[in-house]
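Below: one structure, written as structure tokens.
Lettering of chains follows the sequences in order, A, B, ..., and the numbering in each one begins at 1.
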Number of protein chains: 2
Amino acid sequence: MKLLDIGEVAERSGVAPSALRYYEEIGLIASAGRKGLRRQYGAATLLQLSLITLGKAAGFSLQEIAGMFGQDGRPDLPRDQLHARADALEAQIRELTALKDALRHVADCPAPSHLECPKFQKLLRAGSITAEV
Amino acid sequence: MKLLDIGEVAERSGVAPSALRYYEEIGLIASAGRKGLRRQYGAATLLQLSLITLGKAAGFSLQEIAGMFGQDGRPDLPRDQLHARADALEAQIRELTALKDALRHVADCPAPSHLECPKFQKLLRAGSITAEV
DNA sequence: CTGCCAATTAAAGCCAGCTTGAGGTCAAGG
DNA sequence: CCTTGACCTCAAGCTGGCTTTAATTGGCAG
């Protein structure tokens, strides 16, 4: 099993060395060992980092990501909790879609005041966060 | 036009008064005026706050949200920039979908090591953030 | 064996996005 | 008129997620 220096992992994963040490500090990843003082990482770490990057892009905190996947990169949670996470993601996807549609609408609709445009308001309500007015 | 105290806006929008003052401080919203010292808000503010909440949920910074919609709640940007924003959102939606599918996969696939499961790796690559291995 | 350069640590610093606290103001109900 | 309590301002503090800095160590090419 070929091991990688932190610099190489950083380069391949796009995650800064300081961030990698930080991830280790909070228990999100673990190095495969040390060569002297130097951390050595296995290929699995690169995949874990993909997952972490993905999760971050999805708006999850590092704690939440750590909760979805243990530091070994495998899911820690019972199936129903994983599905609950996926359901939450679906809800977030719906919100994003609403925002995206709202943006496209304001880009294309010539109405001067979108806040009063019924279609726009409907789009907002589709995100189901509209305050009661 | 009926005006609302900050407390009422907070209650209806779910945004704390301190946050509302902060939003005003950074120019994200504006009060319709003051009654004595007290800020008074119009109904439009509630809609703006929906937009802001939506944008935050979508992972945008307050600066970015302010850039999409002026403090009057109307878009400031030229059409192509709005569409560019929408395109970025679509990319984010694809990532979220990849993560969601990955979660469902690990919830349902009985394989012991998902990191080595080809299907799982493919799901990760669908999010197009996988490090080169 | 030497010297370089990447890696190490601990502690401090930084940004966003608020919240909290102290001390003060004032609109409205009794 | 007086009290009450919601509001005000300003400054400091807090969390998350790192980065930066300073001082040090040690692997490895020559």
Closest heavy-atom pair and its distance - B:Leu62, B:Tyr22: CD1-CE2, 3.8 Å
5'-most by nearest nucleotide on DNA chain D - B:Ile6 or A:Phe60: B:Ile6
Using a heavy-atom cut-off of under 4.0 Å over every strand shown, decide if B:Leu62 touches base, sugar-phosphate, or nothing. sugar-phosphate
B:Arg38 vs B:Ile6, side chain to side chain contact (heavy atoms under 4.5 Å, CB included): CA-CA, chis, key distance, verdict: CA-CA 8 Å; B:Arg38 302 183 178 198; B:Ile6 200 172; over 6 Å; no
Positional range of nucleotides in DNA chain C within the contact set of chain B, heavy-atom, under 4.0 Å: C:dG17 to C:dA28
Tell me what A:Arg21 touches on the nucleic acid: a base, only sugar-phosphate, or nothing, going by heavy atoms under 4.0 Å. base
Between B:Gln63 and A:Arg38, name the one whose nearest nucleotide on DNA chain C is closer to the 5' end. A:Arg38
Counting only heavy atoms not in A:Glu11 (residues, nucleotides, ligands), do more than 12 fall under 6.0 Å from its CD? no
Evaluation steps, side chain to side chain contact (heavy atoms under 4.5 Å, CB included), between A:Ile52 and A:Ile29: CA-CA 10 Å; A:Ile52 292 168; A:Ile29 62 173; 3.7 Å; yes
Quick check: do A:Lys100 and B:Gln92 have side-chain heavy atoms less than 4.5 Å from each other? no
First and last nucleotide of DNA chain D, 5' to 3', lying under 4.0 Å from heavy atoms of chain B: D:dG5 to D:dT9
Where each residue is assigned the nucleotide of DNA chain D containing its nearest heavy atom, which of B:Pro17 and A:Gly36 is assigned the position nearer the 5′ end? B:Pro17
Grab the two heavy atoms, one from A:Gly42 and one from A:Ala32, that are nearest each other, plus how far apart they are. N-CB, 4.1 Å
Taking 4.0 angstrom as the limit, do B:Arg12 and B:Glu8 come out as a salt bridge? yes
When you check the gap from the basic side-chain N to the acidic O, do A:Arg85 and A:Asp80 get nearer than 4.0 Å? no
